[in-house]
Amino acid sequence: MTSVFDQFEQASQRSKQVTPQAIRPDISSTGFIQMKLQDEVPIFIKQKVNFMPSDKILRMCVSSNYIVIAMANSILLRIDMKHPDKPEEIDISKYIGNLRLSSMFLDPLGQHLLISAVPKQGDISSVAELFYLHRKTTKLKQASKFRGHEITAVGWNFSNTSETTSNSILLGSSRGLIFETEIGVEGDKIFTTSLEQYWRQVFDIGKESKPPITGLEFRRIPNTDKYVILLTTLIRIYQYIGAVTSHEEKPLLQQVFNKYLNTKERFNQLESSLPYSRMQFFYSSPQEFPKLFCWLTETGILLAQVDSKVDPENILVNQQMLPCPETSLLTSSVTRKSMAPISLVLTEFHVLLLYSDHVKGVSLLNQELIFEDTYNDAFGKLINITKDAATGSIWAFSERAVFKYKVTREDRNVWQVYVEKGEFELAKQYCKGNPAHVDQVLVKQAEMLFKNREYEKSALIYADTHSSFEEISLKFLQENQIEALKMFLRKKLEGLKSQDKTQITMIVIWVVELFMNQMGNLRSNDTSYLQNPRYLELQKQFDSFMATSKVEECMRKNRSTICSIMASHGDKENLLRLTIMNRNYEEVIRQHLYKNKHLEALEVLKSQGNKDLFYQYAGILLQELPKPTVAALISQGSSLKPSKLLPALVSCNSDEKHAREIIRYLEHCIYEQSCQEQAIHNFLLSLYARYKKEEVMSYISSQGQDVSMVHYDVHYALRLCQEANLTEACVQLSALLGLWITAVDLALSISVDLAKQIAAMPSHQGDVELRKKLWLKIAEHVVREKDDIQQAMEFLQQCELVRIEDILPFFSDFVTIDHFKEAICNSLQEYNRHIQDLKEEMQESTKAAEIIRKDIQAFRTRCTFVPTKDSCNSCNVQLLLRPFYVFPCGHRFHSDCLVAALTPMLPLESQLRLADLQHQLTQQQQQQQTLAAAAQSDAVSSNSASLCSREQLKADIDDLVASECLYCGELMIDSIDKPFIEEGDYDRVMKEWA
């Protein structure tokens, strides 16, 4: 046998695919054109396996791509679908003997096989047996503890991942007994709990009737410690739900059944005369909790959803009965029994029913027959249909053949079924992004909502479809549903792209017309429409609509049209809003001013961002609304330039009311915004001089007494104060300008104390004579004007610059010497003290000069001893080898070393001077050598002259180089911030250091 299961034969010569009638929407209503280039692939496709059994097939199990086939000649055929060309045959005749094979069970992993065998009919000498075969062995092992029990159902442990053991499983017998056990292999030995320590009967559902168990499965409820056990008999479904507190305790599920030992079990019952019933679950993978449940009986197929959250005692919810296609119209029980399905397989949306000669597929959603497949009699009768729990593949087998069903896009028409049932959200999910299908679902949903008079919801959904725009709009107009129509238009507008300018313009104008019509009707029928909630809501909606970006762009290009619509409805408020929305604020302000609505104009001015309009209209608004306008100007902060507002401010200071508000704004500019423009300060000072004279002095004082630091024009301020007769301010300003005599004269007209303050202001050292002159002017005023000798004497004590002899000429001739006796004596004593101080200072100076002369004389005879071993502090070479310099601090340098080290530290001018001197010295030395051969008398005079010149050059060089020590002088201090390594030498030095 070669290439088993990999060569397939289409057995469709008698197959018939029945598909539900598709929804065929009108092309004009959806905008989609369906084009089919070829017939759609059927959902279920039968493929015959290239396999010829050696005898009739009795049983077949499939799990995890692992197939076990039992034939009438007691041969087991095991096939691994990963290697289909290497089947394995096992002869089990010696194990079974005279028994016949009744059932075969394969676990979800395909590792553990249980074979139930019963005595042949009429044989009373044998008893039922249970055999076990592991995937890795070829020898059947007998489970002796189950001897005498016919196992009719097995509940596998779907959470098990072990290949050697099954973990806890349940076994159901033909007499209603339930066992819990664990099977597996250990080397070549089988162990079972019946044989070893872990085997127990955990429940008995038929204490009297002993019904056979036809289906058995248990699962752990996700995220809980609860387990649910479902089992079926011929006519009943039992549910056992309970918590397992200890997962180490064996038997495990005895903890669930304990709850039902003394209570009545919960079950569903259906009348059935069939000798079998079939239970099936659907799940995405074996490890997941089941989603659907079905149970085949004579009555039909009981279908339910599996949900553990609805009812803690019942996980089978939304139960419904699906009639079998063959028996739904039959009334005779015998006929129904003979024509009932043999078996079934449950998928996510369909159930496949197996009959003796054909297979039918029924939709779980609408119970329609969608598939029918007739089999050839040459293959014998169909025996069973099964599904691989791990892969989901479906297998059917007859007496002489094996078939596989390929499921292709099972959910392709599910969306149509949900549409027909009105479950549109589910329908959208199963459209899987197909735009044509989604559009059809939306159209049907919108039509249903429209039919149910839910117009606004219908409009929103219609807007997402490709239905005819004109047709949908007309439907709402015919029903006079303006709100729904507006919602439809606005939603359509949102879906348009910016390049769809024509459609955008049409919709925007239409929506504006609808709003204007609705609001116009309310205005005409209600004089107090501004308090009408309906009108306010419409206005809010309209404002929101007009604020969208697409509408704003459309309005900019169609402003005249939209303005005409608003004007035709007499809606001045929205016309004004439109102007504002288009940022034509100048026109809005002009209209308000034309209607003398100054406050409205001011509000518009504050709400816009064009600062030029403030400069343009501030004068008009200040004239009418001085206080609110100034508040608006202040609120703009530094964004406005006071100098540009100056023309408007100057034009409005005609009376005190306006002037005071302008002063408030100018004070804000100066004190809050620190404005330093002279024009602003001059204007504020002029207003102070006219309307708030008491503020002039405080303002001048706040600006300080430095004429270079004040922000106003001092000469202009002085003229203003003179015109306003503000003498005290004139005193301060005259002093600020340096007109000290004028300032003192004006101050004397007010008070002597003020004059004294002014006289004390010139504090510079060169102003002593000026101060004395000012004080003498005050003294003259005190003596001549007041003729008060006592006050004149007190005045002398206040000023150190004025003596008694300075003020004597100011007194009259009739004043006697007795009045000044004390003052004159004090003055003479002061002169004597001053003369004595001068004498002492002269003596100290003479002594200091004598000491300096002695130091100079001693310095001339000073000498320094240089040992022969001394070295240069720069090059560390013996000092006496070359000309050198010795400094008083003790540092010694060769002359060339000192010049080389000192030159870079000198200023550029000094460097050039030093180079020039050295060059001159070199030239003289060369000339001296040249003239060595000259006449003796001439040479003497020449040598004397050159000697003089050379000594001068050396002295000049010494002044530059040896004026201070290289290490201790100011040059070293000045170079402290210079880097040790020059920028150009950095890389070289770093390499040397490395």
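Note that the coordinates shown come from a computational prediction; the quantities given were computed from them, not determined experimentally.
Rounding to the nearest 0.5 Å places CD1 of Ile92 at 9.5 Å from CE of Met71. Atom CG in Leu130 sits 12.0 Å away from atom CZ in Arg147 (nearest 0.5 Å).
A donor and an acceptor atom, one from each side chain of Arg236 and Tyr238, are located under 3.5 Å apart. Glu150 and Ser173 share no side-chain donor-acceptor pair at under 3.5 Å. For the residue pair Thr214 and Ser277, a side-chain donor N or O sits within less than 3.5 Å of a side-chain acceptor on the partner. Of the N and O atoms on the side chains of Gln254 and Glu180, not one donor lies less than 3.5 Å from an acceptor on the other residue.
Looking at residues two or more places apart in sequence or on another chain, you find no side chain to side chain donor-acceptor pair (under 3.5 Å) involving Trp156. Partners of Asn268 under the side chain to side chain donor-acceptor pair (under 3.5 Å) rule, at least two apart in sequence or in another chain, are Gln319. A search for side chain to side chain donor-acceptor pair (under 3.5 Å) contacts involving Glu88 returns Arg78, not counting sequence neighbours.
Residue-environment remark: NZ (Lys250) exceeds the threshold of 12 foreign heavy atoms within 6.0 Å. Within 6.0 Å of CD in Glu271 there are 12 or fewer heavy atoms belonging to other residues, nucleotides or ligands. No more than 12 heavy-atom neighbours from other residues, nucleotides or ligands sit within 6.0 angstrom of NZ on Lys86.
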Legend entry - Worked verdict on Arg135 versus Asp80 for salt bridge (charged side-chain N to carboxylate O under 4.0 Å, His left out): CA-CA 10 Å; Arg135 183 170 177 173; Asp80 187 352; 3.6 Å; yes
Inset, instruction - Mind running salt bridge (charged side-chain N to carboxylate O under 4.0 Å, His left out) on Lys291 and Asp307 for me, showing each step along the way? - result: CA-CA 7 Å; Lys291 297 179 179 179; Asp307 191 343; over 6 Å; no
Inset, instruction - Show your reasoning for whether side chain to side chain contact (heavy atoms under 4.5 Å, CB included) applies to Val345 and His350. - result: CA-CA 9 Å; Val345 163; His350 301 88; over 6 Å; no
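At least one test fails for Lys48 against the ring of Tyr375: distance under 6.0 Å to the centre or angle within 45° of the axis.
Put simply, the side chain of Leu316 reaches to within 4.5 Å of the side chain of Gln239, judged on heavy atoms.
Nearest heavy-atom pair across Ala390 and Pro286 is CA-CG, 3.7 Å. Contact record, Leu369 with Val362: CD1-CG2, 4.3 Å, taken as the closest heavy-atom pair. For the residue pair Gln47 and Lys406, the shortest heavy atom distance occurs at NE2-CD, 4.2 Å.
Between Tyr227 and His247, the ring planes are tilted. Angles from 30° to 60° get that label. The aromatic rings of His112 and His134 stand perpendicular to each other, their planes meeting at an angle above 60°, with 30° marking the opposite boundary.
Checked against the 6.0 Å centroid criterion, the rings of Phe289 and Tyr283 do not qualify as a close aromatic pair. Checked against a 6.0 Å centroid threshold, the rings of Phe44 and Tyr405 do not count as neighbours. Aromatic ring centres of Phe349 and Tyr430 lie closer together than 6.0 Å. Taking the centre of each ring, Phe403 and Trp395 stay at or above the 6.0 Å mark. Side-chain rings of Phe179 and Phe203 stay apart, their centers remaining 6.0 Å or farther from each other. Under the 6.0 Å cut-off for aromatic ring centres, His149 and Phe146 do not qualify, their centroids lying 6.0 Å or more apart.
Side-chain atoms of Gln255 come within 3.5 Å of backbone atoms of Thr245 as a donor-acceptor pair (strictly under, hydrogens ignored). For the pair Asp107 (side chain) and Gln111 (backbone), a donor-acceptor distance under 3.5 Å is present.
Remark: Glu410 does not engage Arg412 in a salt bridge, criterion side-chain N to carboxylate O under 4.0 Å.
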